[in-house]
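Below is one structure; the comments refer to it alone.
Keep in mind it's a predicted model, so treat the numbers as computed, not measured. Every chain is numbered from 1 and lettered A, B, ... according to where its sequence line falls, protein lines coming before strand lines. Only this structure's heavy atoms are used, side chains among them; waters, hydrogens and symmetry mates stay out.
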Amino acid sequence: MNDPKHRQDAPEAERNAANFIHPLIDEDNRSGRFGGRVHTRFPPEPNGYLHIGHAKSICLNFGLARRYGGQCNLRFDDTNPTREEGRFVEAIREDVRWLGFDWGGREYFASDYFGQLHDWAVELIRAGKAYVDDLSADAIREYRGTLSEPGRDSPYRNRTVEKNLDLFRRMRAGEFADGERVLRARIDMASGNLNLRDPVLYRILKAPHHRTGDTWCIYPMYDWAHGQSDSIEGVTHSICTLEFEDHRPLYDWFLDALGVHHPQQIEFARLNLTHTVLSKRKLLALVNNGHVAGWDDPRMPTLSGLRRRGVPPQSVHDFCERIGVARANSTVDIALFDHCVRDFMNRAAPRMMAVLRPLKVVIENYPEGRSEEMVAENNPEDPAAGTRTVSFSREIFIEREDFMEDPPKKYFRLAPGAEVRLKHAYIIRCEKVMKGAAGEVVEVLCRYDPESKSGQAQGGRKVKGTLHWVSAAHAVRAEVRLYEHLFTVENPGDEKAHPDFTACLNPRSLEVLTDCRVEPGLARANPGDRFQFLRMGYFAADRDSTEKAPVFNRTVTLRDTWAKIARKG
RNA sequence: UCGGGCAUCGUCUAAUGGUAGGACGUCAGGUUCUGGCCCUGAAAGUCGAGGUUCGAAUCCUUGUGCCCGAGCCA
């Protein structure tokens, strides 16, 4: 347990890296600002699927609650009925659950608070802090001014409280058409912060809501709903991304105007990852334009995509811990994510032998019709994983790339006259190469050394290379889907460098291999089961997989030092 | 142009006025029945200019660069 390899088993707190939010919370706890309480929330809008960037937020919010012995709510920010759908709610729940977080029944919706929000709006009107504006959307935009010039007051800004109350009541009663009127806060049309130039609180939207149906025809804007929802839930620290920084003065203004519980908003930098895109719009385009097979395509950075590809949730946690939390915009190298996947899989995934591109090898001096059961360790990193047996016989398959008729130097694999170890079995020597009409290698003839069996007294003889293999008679056919990063360039989301991000798509992001041969035990893999295919990478059974037709997704390759050497020549 | 924010190895992130450290990546080597894992080592950073201080990544001034903001989206 003290083995550094097993640090994943260390208590959460020990792996919890420092970030700038901790001292802020520590100070609040010292001063007693929130009575020593720490309560966070993860607030997705149910209008799409969660991705790895959301995982950073989820791990942060739930992680802070865990670190400080507090709680974290799951709250759906469903204030826009034209974009949100119930089906996303279940998908989001599933993703958060997959990451292993439990919101303990504290599942809330901004729509739960529509009544309270309405009453508070009336309170603001009574206090002269909100008014109904008849200006059109275009006019409001014009009156708002620009980044460098102040706005102007709406001609409707100084209506009486009675008139505002009446108009707001009629807005709610459905007397006006969409867009005809809005309720705005009366703050400061000259503010340098555009969010304070009389922001809209309510707009008229005669659209059914996924939870409240047609109860409402006016819906609160994000700014009006979010802070108050935090307040109602007793949230202490409202963690959000950097683009909401300009909204904080408004967040504070509403809570102060209402005189209710006032959480602290804290902003952090959202995650960017190389070789992928994380914008909802671009992800949607990938799905809609058929560049990927769906939201859970294993190439997608969505949590459902990662899950289907076989990424363990522990790796996502580890990744989120390692990237840290800061206020500077940054782009994390996807190599770090891949490392986290390998790091966990190395310790957790049982080894199996699978030949992806088969080449037949006949061992001439091995008796026909004979076979033996070789003992194979399931995971050299985990003795407790035990052993299994693998059938060996006269005809086997090896990987095509593990044989070269005319090998470069430093090639440790099979070649005419060369010797290699067959993992868990014998040392063989290549005696002859059989070719087809086009001169292609179709079969390799070898002789084995009976004294070299794995685990035998004489088995210790050293050879440079060790190959994985399967017995031709025993192996089963399988489909294997090889995935690579979706984009060839580091930052496909950079619209200046790449106006059309789909032009950066990696043409080799998916390669389907249908004639693979795998150990028979693999046919019984259940969807989601993860393995290391020896020397080939980490794989997981796809949800399409059946015992008759097993299908595996490559989650990530192994580190490949040979590929690096070969590339350099 | 106005308001807000951010600049530390290639990348991400620590250092709370006192030895600039870790991780990924890269390179070199060791070990190995996985060219995996593991182990050892190396290269690699405080945006620029002034100032305060015994001492500055940290504080001050100033410059530069980048990000966010003009939805009845979130």
Please determine if A/Arg429 and A/Glu419 form a salt bridge, counting it only when a charged side-chain N lies under 4.0 Å from a carboxylate O. yes
For B/G41, does the glycosidic angle fall within 90° of 0 (syn) or outside that (anti)? anti
Reading RNA chain B 5' to 3', what string of ( ), [ ], | and . shows its pairs, if Watson-Crick and G-U wobble pairs count only when both distances fall under 3.5 Å? .((((((..((((....[..)))).(((((.......)))))....(((((..]....))))))))))).....
Say we look at B/A57 and B/U52: how far apart would their P atoms be, to the nearest angstrom? 16 Å
Would you call A/Arg347-A/Asp343 a salt bridge at under 4.0 Å N-O? yes
Quick one: side-chain hydrogen bond (donor to acceptor under 3.5 Å, both in side chains) partners of A/Thr389, sequence neighbours excluded? A/Glu373
Test: side chain to side chain donor-acceptor pair (under 3.5 Å). Region: residues 560-569 of chain A. Which pairs qualify, not counting sequence neighbours? none
With a 4.0 Å cutoff (strictly under), does any side-chain N or O of A/Lys464 reach OP1 or OP2 of B/U32? no
Reading nucleotides 4-16 of chain B from 5' to 3' and marking B where a protein heavy atom lies under 4.0 Å of the base, S where only the sugar-phosphate is that close, and - otherwise, the string is SSS----SSSS--
List in chain and number order the residues that pass side-chain hydrogen bond (donor to acceptor under 3.5 Å, both in side chains) with A/Ser111, two or more places apart in sequence or in another chain; answer none if no residue qualifies. A/Asp78, A/Arg211
Under 4.0 Å, heavy atoms only, any strand: does A/Gln532 hit a base, just the sugar-phosphate, or nothing? base
Please identify each residue that fulfils side-chain hydrogen bond (donor to acceptor under 3.5 Å, both in side chains) with A/Asp402, with sequence neighbours left out. A/Arg413, A/Arg535
List the residues meeting ring-ring contact (aromatic ring centres under 6.0 Å, His included) with A/Tyr49, not counting sequence neighbours, and say none if there are none. A/Phe88, A/Trp295
Expressed as a whole number of Å, how far does the P atom of B/A56 sit from that of B/C60? 15 Å
For residues 265-273 of chain A, run the donor-acceptor check on the side chains, cut-off 3.5 Å, and write out each pair with its distance to 0.1 Å, sequence neighbours left out.
| residue | atom | partner | partner atom | Å |
| --- | --- | --- | --- | --- |
| A/Gln265 | NE2 | A/Phe244 | O | 3.0 |
| A/Gln265 | NE2 | A/Glu267 | OE2 | 3.0 |
| A/Glu267 | OE1 | A/Arg248 | NH2 | 3.2 |
| A/Glu267 | OE1 | A/Arg327 | NH1 | 3.1 |
| A/Glu267 | OE2 | A/Arg248 | NE | 2.6 |
| A/Glu267 | OE2 | A/Arg248 | NH2 | 3.4 |
| A/Arg270 | NH1 | A/Glu243 | OE2 | 2.8 |
| A/Asn272 | ND2 | A/Ser330 | O | 3.0 |

Nucleotide nearest A/Arg559 when distance is taken to its side chain, options B/G35, B/C27, B/G25: B/G25
Base, sugar-phosphate, or nothing: which does A/Arg342 touch, judged by heavy atoms less than 4.0 Å apart? nothing
Are there any protein N/O atoms within less than 3.5 Å of an N/O atom in nucleotides 71-74 of chain B, and if so, which ones and at what distance?
| residue | atom | partner | partner atom | Å |
| --- | --- | --- | --- | --- |
| B/G71 | OP2 | A/Arg141 | NE | 3.2 |
| B/G71 | OP2 | A/Arg144 | NH2 | 3.1 |
| B/C72 | OP1 | A/Arg144 | NH2 | 3.3 |
| B/C72 | OP2 | A/Arg144 | NH1 | 3.2 |
| B/C72 | N3 | A/Gly179 | O | 3.4 |
| B/C72 | N4 | A/Leu135 | O | 3.1 |
| B/C72 | N4 | A/Ala137 | N | 3.0 |
| B/C72 | N4 | A/Gly179 | O | 3.0 |
| B/C73 | OP2 | A/Arg203 | NE | 3.0 |
| B/C73 | OP2 | A/Arg203 | NH2 | 2.9 |
| B/C73 | O3' | A/Arg203 | NH2 | 3.2 |
| B/C73 | O2' | A/Asn80 | ND2 | 3.3 |
| B/C73 | O2' | A/Arg83 | NE | 3.2 |
| B/A74 | OP1 | A/Thr79 | OG1 | 2.6 |
| B/A74 | OP1 | A/Arg203 | NH1 | 3.4 |
| B/A74 | OP1 | A/Arg203 | NH2 | 2.9 |
| B/A74 | OP2 | A/Tyr222 | N | 2.9 |
| B/A74 | N6 | A/His247 | NE2 | 3.3 |

Distance check, C1' atoms only: B/U8 and B/U1, in whole angstrom units. 32 Å
So what does A/Tyr411 touch, heavy atoms closer than 4.0 Å: a base, only the sugar-phosphate, or nothing? base
For a quick check of understanding: with a heavy-atom distance under 4.0 Å over all strands, which category does A/Lys280 fall into, base, sugar-phosphate or nothing? nothing
Please identify each residue that fulfils side chain to side chain contact (heavy atoms under 4.5 Å, CB included) with A/Lys280, with sequence neighbours left out. A/Asn47
Write down the distance separating the P atoms in B/G25 and B/C59, rounded off to the nearest Å. 33 Å
List in chain and number order the residues that pass side-chain hydrogen bond (donor to acceptor under 3.5 Å, both in side chains) with A/His424, two or more places apart in sequence or in another chain; answer none if no residue qualifies. none
Distance check, C1' atoms only: B/C54 and B/A49, in whole angstrom units. 23 Å
Please pick, from B/C67, B/G35, B/G36, the nucleotide with the shortest atom-to-atom distance to any side-chain atom of A/Asn346. B/G36
Please list all pairs meeting salt bridge (Lys or Arg N to Asp or Glu O under 4.0 Å) that have one or both residues in residues 187-208 of chain A, counting only residues at least two apart or in different chains. A/Arg157-A/Asp198
Base, sugar-phosphate alone, or nothing: which one does A/Ser148 contact when heavy atoms must sit under 4.0 Å apart? base
